[in-house]
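Let me begin by presenting the structure, written as structure tokens, before commenting on it.
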Amino acid sequence: MTASPATTPPPGARIPTQDLGLISPDDLRSAGIYDGCFGCGKDVADGLQVERTSSDGTFVHGHFHVGDRHQGAPGLAHGGLLATAMDEILGTAAWSLGRMAVTGRLETDYRMPVPVGSTVYLKAWCTGVEGRKIYLRSEGRLNDPDGPIAVEAAALFVEVPAVHFTQER
Ligand SMILES: CCCCCCCCCCCCCC(=O)SCCNC(=O)CCNC(=O)[C@H](O)C(C)(C)COP(=O)(O)OP(=O)(O)OC[C@H]1O[C@@H](n2cnc3c(N)ncnc32)[C@H](O)[C@@H]1OP(=O)(O)O
């Protein structure tokens, strides 16, 4: 992954273990999940419907199925949707640290086309925390958790207070 300085943790940034410890699939599915979310919401028929499956305290995992509604070029997943999937699993990793955080910067490398009908297996992990800044990486593998990497991302999430989500704009 080619990550810029903005998404690379500075020297000395600590790598936390997840405050929530081992998260069961049920906890992962229910904790803080909003059914209207385009990435993971069950009520969003045209959304990605990313399913979060496990966390071992270091990595969070999930997957989603690429349907016709996710196409860009005929028969292939749209790159923006793949970036959304990266954002979703990165956000899960950030929140799994016990922090409310939003995406500040998201960098994506597309390694191979993703055909409609594929399942993309997602994984994300934290590479460092400095103050409110949370540095993360993620990857999406084709059709198997150990399949070839189709998409990779590096991100900076920024911790925010709860009012970020509730204040009138
Ligand atoms: C258990 C698990 C359950 C999980 C469920 C939940 C899953 C959820 C999944 C959801 C998944 C979807 C998730 C989504 O889609 S989140 C939705 C998409 N993101 C947003 O809407 C965020 C919009 N932006 C903002 O609100 C503000 O700009 C933020 C809050 C990000 C920062 O504004 P704020 O005024 O608060 O802070 P600051 O400006 O002093 O910045 C602070 C520091 O950060 C650095 N910085 C900031 N931006 C950038 C940048 N672009 N590149 C490089 N650096 C950047 C900045 O230089 C500074 O560094 P330093 O000077 O201190 O060194």
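Note that the coordinates shown come from a computational prediction; the quantities given were computed from them, not determined experimentally. Counting starts at 1 for both ligands and their atoms, in listed order. Note that the numbering runs from 1 along the sequence shown for the chain.
- For ligand 1, one of its N or O atoms has an N or O atom of Arg132 under 3.5 Å away.
- Checked by distance only, ligand 1 and Lys133 come closer than 3.5 Å through their nitrogen or oxygen atoms.
- Among the atoms of Glu88, none of the N or O lies under 3.5 angstrom from an N or O of ligand 1.
- Contacts with ligand 1 closer than 4.0 Å are made by heavy atoms of both the backbone and the side chain of Asp87.
- Side chains of Val129 and Tyr135 form no contact here, defined as non-hydrogen atoms less than 4.5 Å apart.
- A side-chain donor from one of Arg52 and Thr92 sits under 3.5 Å from a side-chain acceptor of the other.
- Between Val60 and Trp125 there is no side-chain heavy-atom pair separated by less than 4.5 Å.
- Here Arg111 pairs with Glu152 in a salt bridge; the nearest charged N to carboxylate O distance falls below 4.0 Å.
- Among Arg52, Met100, Glu159, the residue whose heavy atom sits closest to atom 8 (C) of ligand 1 is Arg52.
- Annotation: side chain to side chain contact (heavy atoms under 4.5 Å, CB included) contacts of Thr84 (sequence neighbours excluded): Phe38, Leu48.
- At under 3.5 Å, a nitrogen or oxygen of Thr103, whether backbone or side chain, sits near a nitrogen or oxygen of ligand 1.
- With a 4.0 Å cut-off on non-hydrogen atoms, Val160 touches ligand 1 through its side chain and not its backbone.
- Between Thr108 and Leu82, the closest side-chain pair of non-hydrogen atoms is not below 4.5 Å.
- Near Arg105, meaning under 4.0 Å from any of its heavy atoms, are these atoms of ligand 1: 51 (N), 52 (N).
- For the ligand labelled ligand 1, residue His164 lies inside the 4.0 Å heavy-atom shell.
- With ligand atoms numbered from 1 in the order given, ligand 1 contributes 2 (C) to contacts under 4.0 Å with heavy atoms of Ser96.
- Counting heavy atoms from C-beta outward, Phe165 and Val160 have side chains that approach closer than 4.5 Å.
- Inclusion of Gly104 in the set of residues having an N or O under 3.5 Å from an N or O of ligand 1 is warranted.
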List the steps and the verdict of side chain to side chain donor-acceptor pair (under 3.5 Å) for Asp87 and Thr103. CA-CA 7 Å; Asp87 197 19; Thr103 327; 2.7 Å; yes
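- Under the rule for a salt bridge (Lys or Arg N to Asp or Glu O under 4.0 Å), the partners of Arg105 that lie at least two apart in sequence or sit in another chain are Glu107.
- If you check each of Leu156, Thr84, Val102, Thr92 against atom 54 (N) of ligand 1, the one with the closest non-hydrogen atom is Leu156.
- Ligand 1 places these atoms under 4.0 Å from at least one heavy atom of Val158: 31 (C), 44 (O), 47 (C).
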